[in-house]
Amino acid sequence: MQDSSAHESLTIIPASSGAGSANDQRAQAFYLLIQAELAGQRGKVAEAGKLYLRAAKLSRDPQTAERAVKIALLARDATTSDQALALWIELEPQNATRWPMEVLVAVRRQNDALALKIITQHLPAQETARKEPRNEQYQQLLAMLIHEGQSILPLLHQLAQTQANDAEAWFTLAQAALNFKEWDTARAALRKTIHIEPTRKDAYLLLAESYFSQNEATSGIDVLSDMVQQFPKDQRLRLTYARALHEAGRTQDARDLLRAMLKKSPNDQDLRFALALMALESGDLNTAERELKILNRNKDRAATAAYYLGLLSEQRDQNDAAMRWYRQTQGSEFAIEALLRMAQIDMHAGRTLEARN
């Protein structure tokens, strides 16, 4: 049965404006908090923000003022958020977590100069800050602003220019620009990030992805190639590069790269599996069979290799061999798919009962 009370209008009984004893004011504040919770539960977010603000004024409680700010920002109620923020600052002037909300209020006032001032005041100095907290603050800022739309890009660009040697500032601009599909801005910011911090792998990868997402595979591969040169010992990165080459149609280059890597790291099962799949997809069944049979001898890879050896046998019209390989997948993640393949082989051979079983 549907609760009809969810559709009833909420009646707020006025509380007095602060007169009376301290106990009276606490009781009034508690009453307003209950009313605020009810308003929030019924989707009346702006009303809830106003009630939290009134409760905060009575109780002089910084946590209630903080709640009022957050609810009013959610409701995009500028008047209430401004008043609640001013009260929170008055009650808890040294709060270190509030500044992203102050920035958001400034942005909504279209006051980028104030927003920039607040950000620069609260970012720790580069020469004294540990990298992780500074990065976290940029990400916190981005999470707060990203829902405001493309209007935040000029502010983030100004921020990057004022923090010209801070790779994280440029990276934050790039992330925002990518979110809004501003490709040129994003790529310029990512290249600036890499120039400042050449070991920044996430910047390389985002830059490459920006090209791949626009079907500019050649440019994306060039970025990955530069990255491989920058990090010559990173095998996982070389594997990513090989896959990109393969997807761009440069399968032979990809296979040559994988072979060279596998020669240096013959026990790397990921490399061997990638080479096997690439060979299988390109029709080089002999190479695929050789690599998959090596993988099949590895306990952790046996079922996976058996499934693909079954597919390979089917391509050769060796259905009996395919059935034998598929039976080796029982109990693995490939078991269901292997059973379906076996049923299809039986059906094509006229073994209807076996296929149904």
Presence of salt bridge, E289 and R316, under 4.0 angstrom: yes

Stepwise salt bridge (charged side-chain N to carboxylate O under 4.0 Å, His left out) test for E90 and R60: CA-CA 10 Å; E90 176 190 342; R60 307 293 291 173; 2.6 Å; yes

Check against salt bridge (charged side-chain N to carboxylate O under 4.0 Å, His left out), K201 and D234: CA-CA 11 Å; K201 290 183 182 180; D234 191 329; 2.5 Å; yes

Sequence-distant partners of Y307, ring pair (Phe, Tyr, Trp, His ring centres under 6.0 Å), two or more places apart: Y326, F334

side-chain hydrogen bond (donor to acceptor under 3.5 Å, both in side chains) involving E209 - partner list, sequence neighbours excluded: none

Residues which pass side-chain hydrogen bond (donor to acceptor under 3.5 Å, both in side chains) with S81, listed by chain and number, not counting sequence neighbours: none

Non-hydrogen side-chain atoms of Q269 and F273 separated by less than 4.5 Å: no

Residues clustering with L33 (ILVMFWY side chains joined when closer than 4.5 Å, directly or via others): V45, Y52, I71, L74

Hydrophobic cluster (4.5 angstrom, side-chain heavy atoms) - remaining members for L87: L53, L91

May I have the list of side-chain donor-acceptor pairs in residues 169-176 shorter than 3.5 Å, sequence neighbours left out?
unit_1	atom_1	unit_2	atom_2	d
W170	NE1	A164	O	3.1
T172	OG1	E168	O	2.8
Q175	OE1	Q139	NE2	2.9

Considering all heavy atoms, the nearest I345-A322 contact: CD1-CB, 4.1 Å

Donor-acceptor side-chain pairing of T97 and N95 below 3.5 angstrom: yes

Flag for R200-T193: side-chain donor and acceptor within less than 3.5 Å: no

